[in-house]
Amino acid sequence: MTAYVATIRVRPKAEVRDPQGEAIGGALRSLGLDVADVRTGKEITVRFDASDGPAAQAAAAKMGEELLANPVIEDFAIEVAAE
Amino acid sequence: MRIAVLRFPGTWSENDFAHAISLVGAEADILWHADADLRGYDAAIVPGGFTYGDYLRAGAIAALSPAANELRRADAEGMPILGSCNGFQILCEIGLLPGALVRNRHLEFRCDWVHMRIESDRTPFTAGLRGELVRMPIAHGEGCWVADELTLARIEANGQVVFRYTDDRGAATPESNPNGSTANIAGVANQAGNVVGLMPHPERCSEELLGGTDGRRVLEALTGVRHVGMAPASVQ
């Protein structure tokens, strides 16, 4: 088994409004910054063991699909690296 | 009638529901989520709260509880299931109800009274109440119901929109929408109509002392429908 670290980034889908991002955008504009759009999300880091790279990738995808993102409102992207 | 009221870590409305259920002459048992067995019950309630601290997404972690499989099993048998507030969020996360609940559009936590029109009587919780205007309290920060356009069109056509925020005369205006929900939707049902979720709290308006009794009408509608191990008779 090899130790892997997966980084899962979860973002609201493009068509879902992100009021938190809009509020941050307003705050950035109040600093005098020329901001067109802000989108927020979350990043989740998971350490785990897997037999090889494809198995680690599959495990990280399962984490995203079954818990970390809600497919109704969110997309996710994963990066997996051996530690 | 025996009604199961589920309790997860962070549930806060289970005792209020049990009390409200007793007011309509039914029996309520509060069941711990980890070993909840819904067999022998006529209906189940998933109450409000902040299960697992709303971590990740409201209801997301509760949706992996053993109780989720038990709710799926009960749903397959047509058991009436009601989720309120966090219970609505949990039922959406489990996939028993369409759509999802996200942060209120204005980012504020809203603790207030709202008016709603009951849009469908195809559920055991609203049988005979279609068109009625009701007033109930809300207390949530993530009650903005969203879904893609196809889902919205489908549930509108199927009569799965059960509660819609309105003003005190029954008009679904932007001002009467407390959280930015799509199409002023406050509560929805599954396709069969046996599972219903809504953001407001019927259990907190079931006696005059609390400022309203409209929540009691939802529970009274339920006690008139007996779970017989198949889709309730009110479902067309």
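All values below come from the heavy atoms of this structure, side chains included, with hydrogens, waters and symmetry mates left out. As the structure is a computational prediction, the values presented were derived from the model and not from experiment. Order of the sequence lines fixes the chain letters, A, B, ..., with proteins taken first and strands second; residue numbering starts at 1 for each chain.
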*Residues, nucleotides or ligands: over 12 heavy atoms within 6.0 Å of B:E149 CD*: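 For B:E149, atom CD is not crowded (no more than 12 foreign heavy atoms under 6.0 Å).
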I'd like to know if the side chain of [X] reaches the main chain of [Y], judged simply by a donor and an acceptor atom lying under 3.5 Å from each other, with no hydrogens or angles considered.
| X | Y | answer |
| --- | --- | --- |
| A:D18 | A:T40 | yes |
| B:T123 | B:T126 | yes |
| B:T51 | B:T11 | no |
| A:R29 | A:V35 | yes |
| B:W145 | B:P98 | yes |
| A:E79 | A:I8 | no |
| B:T173 | B:S176 | yes |
| B:R7 | B:V46 | no |
| B:N190 | B:L96 | no |

Heavy atoms under 4.5 Å from chain A: which residues of [range] carry them?
| range | value |
| --- | --- |
| residues 54-63 of chain B | B:L56, B:R57, B:A60 |
| residues 162-170 of chain B | none |
| residues 105-116 of chain B | B:R105, B:L107 |

I'd like to know if [X] pairs up with [Y] as an ion pair, taking the criterion as any Lys NZ or Arg NE/NH1/NH2 lying under 4.0 Å from an Asp or Glu carboxylate oxygen.
| X | Y | answer |
| --- | --- | --- |
| A:R47 | A:E83 | yes |
| B:R154 | B:E156 | no |
| A:E22 | A:R17 | yes |
| A:E65 | A:K62 | no |

*asked:* Looking at chain B, which one of A:V16, A:L67, A:V72 has the largest number of heavy-atom pairs inside 4.5 Å, strictly under?
replied: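 Highest number of heavy-atom pairs under 4.5 Å: A:L67.
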*What residue in A:P12, A:A23, A:P19, A:A69 has the most heavy-atom pairs under 4.5 Å with chain B?*
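Most heavy-atom pairs within the cutoff with chain B belong to A:P19.
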Show the atom names and distances, to 0.1 Å, of all donor-acceptor pairs under 3.5 Å that link a side chain in residues 136-144 of chain B to residues at least two apart or in another chain.
| unit_1 | atom_1 | unit_2 | atom_2 | d |
| --- | --- | --- | --- | --- |
| B:H140 | NE2 | B:N179 | ND2 | 3.0 |

*Side chain, backbone, both or neither of A:K42 within contact of chain B (heavy atoms, under 4.5 Å)*: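 Side chain only.
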*Check whether A:I44 gets within reach of chain B through its side chain, its backbone, both or neither, counting any heavy atom under 4.5 Å.*
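Only the side chain of A:I44 comes within 4.5 Å of chain B.
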